[in-house]
Amino acid sequence: SILVFVLGLLVLLSALSIRLIKETTQELRHVSQFYRKDDLRIYAYSCLDLVVGVVNEWYMTEGRIEPTWQFWDPLRYADKMSPAMFNTDGKDNGDSYPFEWDARLLDETGKIPLFKVDNGKLSKLFAAMMIEDQWGNYDEEEGQPLLDSFKDWQDSDNEPREEGAEDEFYENLDPPYFTPGRKIYSYNEFQMIRGFGLSYEDPDESGIFYDENGFETKEFKEFKDSFSFYNEDKINPFSTTEFIIRFLADFDEYLVEELLELRGSGDSSDLDEYYRKIEQLAGKAGLALTQKIDFLRIEITIKKGKSVFKLHAVLEININQGARGQANQSKKNVLPRSKLNLGMNYPFRILALKENENLID
């Protein structure tokens, strides 16, 4: 009996030891990620500096930036491919495994300036999202309550529109809060606006941007890919999403298919026809077009083993060009350029710089 007791005790101690080793190993892995954060951060900003240098070279050579396949692959253009391709041992021990880096360029000019769209177009957009019909089979008046709530959230007064919501509505919620009285500058704010996020009056009722479980809907992802807080001027129709084309075409199925076919043909005459048709549609929405990249989003990802560091930056290009540069200098939310920056005559301005968390605007 003593022998059985001792053997049982050994089995118990062995199980506890194995459990302790697993938890300790997991904790060490977690701590090591933060330990390597500074190293990854240095590589991320070095990669960002390299990418900005490539963009600047294109800008200095051409005087403008137009989307070409070479431009969209800045690391290959700079002959600085990720060193992970040279790793032949196949081991991922976190120490000997080399750094990997990746850089993506996204044309922010291809997104619609959110605050330049007229109310009628926004109402149609919200109506289409409410009934999840992308082809125009909807009553645009159904989007008016969402438009009113969207406008009431941003205006400075406390008088609700006919179908909107002001402080009187939000302060009765649990927890209570108030409207900010300024323009939206983050997509996260939509979860607080009536009709877009979850309903606090009826938790089972979802908004158009969040489902009943609190997850983002397909419509919200399309909205974030199509509307910009940074681009406040013209849009580039050759970098737009299919959703933007549907939006400008008032969700006309046949017109959308025609536009997509023209843009995808690759023929110069078809592209000219596509630009002409889109220009007419954009003009009805109060928007203008450009074929240049005026706003550029850079996404940097650095990896070593299981540690990951992400860096996002939004650059404004052509800030020194004529009236546009003067207009930007006069904006209240734009800081004046330093003497050093003016002396360098650097053509870019950093509008956003985010690390790891809260990468989405």
- Task: Please find out if less than 6.0 Å separates the ring center of F209 from that of Y187.
- Result: no
- Is the number of heavy atoms from other residues, nucleotides or ligands under 6.0 Å of Q280 CD greater than 12? yes
- Message: Does R104, at its CZ atom, have more than 12 non-hydrogen atoms belonging to other residues, nucleotides or ligands within less than 6.0 Å?
- Response: no
- Test applied, side chain to side chain contact (heavy atoms under 4.5 Å, CB included); reference residue, Y230; option that passes from L114, L351, D294: L351
Apply side chain to side chain contact (heavy atoms under 4.5 Å, CB included) to [X] and list each qualifying residue two or more places apart in sequence or on a separate chain.
{"X": "I350", "value": "L315, L353"}
{"X": "S265", "value": "D267, D270"}
{"X": "L50", "value": "L75, A78, K80"}
{"X": "N172", "value": "none"}

- Side chains of S239 and D107: is there a donor and an acceptor less than 3.5 Å apart? yes
- Message: Quick one about T179 and D167 (side-chain donor to acceptor, distance below 3.5 Å, no hydrogens or angles considered), yes or no?
- Response: yes
- With sequence neighbours left out, write down each residue that passes salt bridge (charged side-chain N to carboxylate O under 4.0 Å, His left out) with K121, or none if nothing qualifies. D250
- The salt bridge (charged side-chain N to carboxylate O under 4.0 Å, His left out) partners of E189 (sequence neighbours excluded) come to R182
- Item | K183 to Y185, cation-pi by 6.0 Å centre distance and 45° axis angle | no
- Item | K116: side-chain hydrogen bond (donor to acceptor under 3.5 Å, both in side chains) partners, not counting sequence neighbours | none
- Item | Residues that N119 engages under side-chain hydrogen bond (donor to acceptor under 3.5 Å, both in side chains), provided they are two or more places apart | K151
- For F126, enumerate each residue passing the ring pair (Phe, Tyr, Trp, His ring centres under 6.0 Å) test, keeping only those at least two apart in sequence or located in another chain. F196
- Remaining members of hydrophobic cluster (4.5 Å side-chain criterion), L12: L16
- Does L13 sit in a hydrophobic cluster with other residues, and if so which ones, taking ILVMFWY side chains as linked at heavy-atom separations under 4.5 Å, directly or through other members? L9
- Could you give me the CA-CA distance, side-chain angles and deciding distance for I298 and V52, then say whether side-chain contact (heavy atoms from CB on, under 4.5 Å) is met? CA-CA 9 Å; I298 303 175; V52 172; 4.1 Å; yes
- Task: Would you list the pairs meeting side-chain hydrogen bond (donor to acceptor under 3.5 Å, both in side chains) in which at least one residue belongs to residues 13-23, sequence neighbours left out?
- Result: R19-E23
